[in-house]
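Below: one structure, written as structure tokens.
Remember, it's a predicted structure, so these values are computed and weren't measured experimentally.
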Amino acid sequence: MTTQRQGALPGPNVRAIYLTKAVAFVTILAAIWLVKWLVSPTVFAGSISAIIVLILIPTAAVALWRGQLPAWLLGASFAADIVAITAGIHYGGGVDQVSAPLLYTAVIVLAGLLLAERAAFVVAGGSALSYALLVWAEYAELLPHWVEYGRPPDRQAGTVIMVTLFLFIVAWAIAYTVGQIRRAYTQADEIRIEAIGVLSHDLKNPLAVIHGYAQMIEDEEDPSERLEYVRRIQHSVQQALDLVHNVLDASAMEARPLQPTRAAVHLNELVTQTLQQYRANAASKGVQTSTELAAELPVIEADPQLLGRAIGNLISNAVKFTDEGGSVRVQTTNTDQAVMVAIHDTGRGIPMAQQTELFKKYSRIASAR
């Protein structure tokens with residue numbers, strides 16, 4: 001059995017966490033002995049050192065392990081942490097120190113993050129059981145109290161119940177949070193894989209067309225036919241560029257926020273120029289294109305490249321999903337509050353139930369297949 005799971009998150013760097021943990025406990029161990037030798041010889045250095053070594057051995061094993069980490073080694077580390085914390089509670093003043101059980105929560109969180117959601121509940125159960133046994137052992141006088149005061153057994157039993165409840169609430173919280181993150185990551189990863197597949201498939205079509213017409217140009221002697229082949233190659237190149245630009249835009253926005261470059265834009269001119277790029281492709285499909293441009297549109301401030309690409313994506317989809325004999329019309333309008341660009345087509349449309357998916361990255365609605 002290993003720590004790798006189906007659909008596991010890339011996750012935190014387990015070895016880095018445990019190496020940091022090992023360095024921290026070695027530093028604590030050194031500090032304790034310096035205090036005993038130089039400041040206070042009465043410090044329980046021996047007992048505390050035994051507790052720290054109990055944590056350090058499996059921690060160092062995880063940090064130094066070569067190859068894929070086995071789950072049992074992490075499990076052994078968590079078990080050692082629970083035993084060490086329980087021993088620390090005893091030597092640190094006994095079960096009357098009601099804040100000490102909070103230390104268990106760190107182990108619960110690590111188990112949920114590094115193993116699986118259910119591991120958080122297992123560690124919570126082990127922590128609660130260890131604490132309850134410690135309470136019983138101290139009040140049965142199997143273990144000595146290290147301080148003079150002691151709480152009544154009924155009050156300590158109530159504390160055990162509250163600590164157990166608290167630890168399982170922590171386990172539920174970390175399991176729920178990690179589960180939500182893992183499901184979101186898995187869903188995004190599935191969508192990304194599907195998007196890559198769709199992109200690969202969609203790129204094959206224009207590339208195959210380019211390759212085919214390039215070969216035909218070599219054998220074609222009629223200049224008019226050659227010109228037509230060149231036009232079709234240009235159309236296919238434009239389709240491939242649109243796909244690549246969209247993927248690059250999405251990747252860029254994942255890495256850093258998009259920073260538009262604002263400039264004065266004459267919207268009617270931008271619309272006309274953008275539509276011109278797709279007229280030949282529409283004509284080859286038997287789709288008519290037209291514009292309905294409002295007069296005296298104000299000059300707007302926008303990023304002409306990004307705005308043109310957004311309009312181009314809409315026109316490209318409209319042409320792609322409109323059958324022969326249909327039409328695509330680009331319209332600009334002017335109101336008191338805004339200017340608007342609308343693309344109308346006679347294509348198959350998008351079902352109302354799927355329209356909420358339009359603005360999700362990498363999403364592809366069922367009708368597009």
(request) Measure the CZ-OG1 distance between Arg279 and Thr291 for me, rounded to the nearest 0.5 Å. (result) 6.0 Å
(request) Could you pull out all residues at least two apart from Ser290 that satisfy side chain to side chain contact (heavy atoms under 4.5 Å, CB included)? (result) Arg329
(request) With sequence neighbours excluded, tell me which residues meet side chain to side chain contact (heavy atoms under 4.5 Å, CB included) with Ser327. (result) Gln288, Thr346
(request) Please name the pair of heavy atoms, one in Val319 and one in Lys285, separated by the smallest distance, quoted to 0.1 Å. (result) O-NZ, 2.8 Å
(request) Of all the heavy-atom pairs spanning Leu115 and Ala71, show the shortest one and how long it is. (result) CD2-CB, 4.1 Å
When the side chains of residues 81-88 are checked against the rest of the protein, which donor-acceptor pairs come out under 3.5 Å, sequence neighbours left out?
from, atom 1, to, atom 2, distance (Å)
Asp81, OD1, Lys21, NZ, 3.2
Asp81, OD2, Lys21, NZ, 2.7
Thr86, OG1, Ile82, O, 2.7
Thr86, OG1, Tyr104, OH, 2.7

(request) Could you list the residues that satisfy side chain to side chain donor-acceptor pair (under 3.5 Å) with Thr332, not counting sequence neighbours? (result) Asn268
(request) Could you list who else is in Val53's hydrophobic cluster, with ILVMFWY side chains joined at under 4.5 Å, directly or through other members? (result) Ile57
(request) Kindly indicate whether the side chain of Val160, heavy atoms from C-beta on, has any atom under 4.5 Å from the side chain of Trp136. (result) no
(request) Applying side chain to side chain donor-acceptor pair (under 3.5 Å), name anything that partners Asn317, two or more places apart in sequence or on another chain. (result) none
(request) Supply the members, apart from Met352, of the Ile/Leu/Val/Met/Phe/Trp/Tyr cluster built from side-chain contacts under 4.5 Å; use none for a lone residue. (result) none
(message) Run the side chain to side chain contact (heavy atoms under 4.5 Å, CB included) test against Trp33 and tell me which residues pass, sequence neighbours left out.
(response) Leu29, Lys36, Trp37, Ala45, Ser49
(request) Measure the shortest side-chain to side-chain distance between Thr59 and Phe25 over non-hydrogen atoms and say whether it is less than 4.5 angstrom. (result) no
(request) Side-chain contact test, heavy atoms from C-beta onward, threshold under 4.5 Å: evaluate it for Arg348 versus Asp323 and give yes or no. (result) yes
(request) Provide the closest heavy-atom pair for Gly112 versus Val178 in the form atom of the first, atom of the second, distance. (result) O-CG1, 3.8 Å
(message) My understanding is that a hydrophobic cluster links ILVMFWY residues whose side chain heavy atoms are under 4.5 Å apart, including indirect links. Using that, what else belongs to the cluster containing Ile169?
(response) Leu165
(message) If I compare all heavy atoms of Val123 with all of Ala111, which pair ends up nearest, and what's the gap?
(response) CG2-CB, 3.5 Å
(request) Just jot down the side chain to side chain donor-acceptor pair (under 3.5 Å) partners of His344, sequence neighbours excluded, or say none. (result) Gln331
(request) Indicate yes or no: at least one non-hydrogen side-chain atom of Ile233 is less than 4.5 angstrom from one of Ile217. (result) yes
(message) Donor-acceptor check, side chain of Arg66 to backbone of Leu64, threshold 3.5 angstrom: yes or no?
(response) yes
(request) Find out whether Tyr131 and Ile89 are in side-chain contact, i.e. whether some heavy atom of one side chain is under 4.5 Å from a heavy atom of the other. (result) yes
(request) Please confirm whether the backbone N or O of Val339 pairs with a side-chain atom of Asn334, one donor and one acceptor, at under 3.5 Å? (result) no
(message) So Leu114 and Ile17, do their side chains get closer than 4.5 Å, heavy atoms only?
(response) yes
(request) Measure across Ala120 and Ile108 and return the closest heavy-atom pair with its distance rounded to 0.1 Å. (result) O-CG2, 3.7 Å
(message) Pair Leu307, Leu267 - check side chain to side chain contact (heavy atoms under 4.5 Å, CB included), show working.
(response) CA-CA 9 Å; Leu307 182 57; Leu267 191 57; 4.0 Å; yes
(request) Tell me, please, which residues at least two apart from Ala318 pass side chain to side chain contact (heavy atoms under 4.5 Å, CB included). (result) Val328, Ile343, Asp345
(request) Identify whether Tyr176 and Phe121 are in the same connected component of the hydrophobic contact network (ILVMFWY, side-chain heavy atoms under 4.5 Å). (result) yes
(message) Could you list the cluster mates of Leu19? Members are the ILVMFWY residues connected by side-chain heavy atoms closer than 4.5 Å, either directly or through other members.
(response) none
(message) Is it the case that the side chain of Trp72 and the backbone of Gly75 share a donor-acceptor pair, with hydrogens and angles ignored and the cut-off at 3.5 Å?
(response) no
(request) Looking only at non-hydrogen atoms, find the nearest pair between Arg15 and Val62 and report the distance. (result) CG-O, 3.8 Å
